[in-house]
Amino acid sequence: MTESLVSTGPSSTVQAAATVATAPVDHLPLQGIDHIEFYVGNAKQAAHYYRTGFGFRLVAYAGPETGVRDRASYVLEQGEIRLVLTSALGPEAEIARHVLVHGDGAKDVALRVDDAAAAFEAAVARGAEPIMEPTWIEGQKGAIQKATIKTYGDTVHSFVNRSQYHGTFAPGFVRRDDPTGEAGVGLQRVDHVVGNVELGAMNQWVDFYARVLGFSQLVHFDDAAISTEYSALMSKVMQDGSGKIKFPINEPAEGKRKSQIEEYLDFYRGPGVQHIALVTDDIVATVETMQQRGIGFLRVPGTYYEELPDRIGEIEEDLSALERLGILADRDEDGYLLQIFTKGVQDRPTVFYEVIERHGAQGFGVGNFKALFVALEAEQAQRGNL
Ligand code: FE2
């Protein structure tokens, strides 16, 4: 495999050049993803969807009943994953404008830190655009320290220090014991969060994560690896110093027709979070349950499974179960992974989820990209957008 990490030209034949991450000084140590907040049109109904379909548990709520006048927020958890779904209660709020422009979407990929002021100052000193200055939000059970910077599009990263807080989620929230008692579906933690950015902007955001947050580039997929007859994209995966946080950045590449990334950018009206990958250690059980609960997944053509045994070799799982559920498999030098992608989770063809089970492999399923993109384009064509 050729080591060529900066080449992004269409003539490049590099398929997926892995690099040994150089270890820069971690001027901004991150503990992990604290939560991901979505701005949505109707958080009450969205919460029901994530609880029923994805097995999340409602743990906290803030809204008029708790003294918050302009919004309602539902905090959902499963394993280490925490989602916050927020709706505006009137047209004046910034949340309402965000939903008007983008539809339902991920607003804040919040990062847990020891010191939100130090993280904010380090990020701003390295060129981040500030959104919210470091603030202590006080409550009866302590205080949360929070600060926010801008990333691609209207998306932000908050830094959250909850070391001085012992209550439920954050001051202003009350605990909610989920009345449905839905059992989880086995989702454990966030594996990666992918951003789509405009044509030509990928390297700018790769630089942003390197310079501002001290991330390093893990892998690069060029348009030779990720192209079909019609469309193409390029992607670079950035990760933090600990390797716990992975943020791939996609941009569209020139193709015969509109790429899936362009379709996203058209309907999201700009850059934003494309998909969130969630880890399970039993993908067959997780996906079976999610399908029974009505979550729709992308299906690749049946021929995929005819070729799979040769490509994947010996794996623990029963190939017929993978085929029945539409789960994909890929192998790299470290092992294999199993993955599947939901259909979009709102009417606009924007945000979707990935469910992933890793058996050693640290990659992103490059061997599945073509089959997946053919499946994606079939859906895109049905929407009249190819
Ligand atoms: Fe992914």
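First listed ligand is number 1; within each ligand, the first listed atom is number 1.
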### Message
If we count only N and O atoms by modelled type, under 3.5 Å, do the side chains of Tyr304 and Arg311 hold a donor and an acceptor together?
### Response
yes
### Message
Counting only heavy atoms from other residues, nucleotides and ligands, does the tally under 6.0 Å from CZ of Arg175 exceed 12?
### Response
no
Validation: residues 133-145 side-chain donor-acceptor distances under 3.5 Å, sequence neighbours left out:
residue : atom : partner : partner atom : Å
Thr135  : OG1  : Glu133  : O            : 2.8
Gln145  : OE1  : Ala116  : N            : 2.9
Gln145  : OE1  : Asn161  : ND2          : 3.0

### Query
According to the interplanar angle, ranging from 0 to 90°, do the rings of Phe173 and Phe169 count as parallel (below 30°), tilted (30 to 60°) or perpendicular (above 60°)?
perpendicular
## Note on the structure
Taken by chain and residue number, the protein N/O/S atoms under 2.8 Å from the Fe ion (ligand 1) read His192 NE2, His275 NE2, Glu354 OE1
### side chain to side chain donor-acceptor pair (under 3.5 Å) partner of Gln339, the single match among Arg358, Glu354, Glu357
Glu354
### Task
Would you tell me whether Tyr268 and Glu263 have side-chain atoms, one donor and one acceptor, within less than 3.5 Å of each other?
no
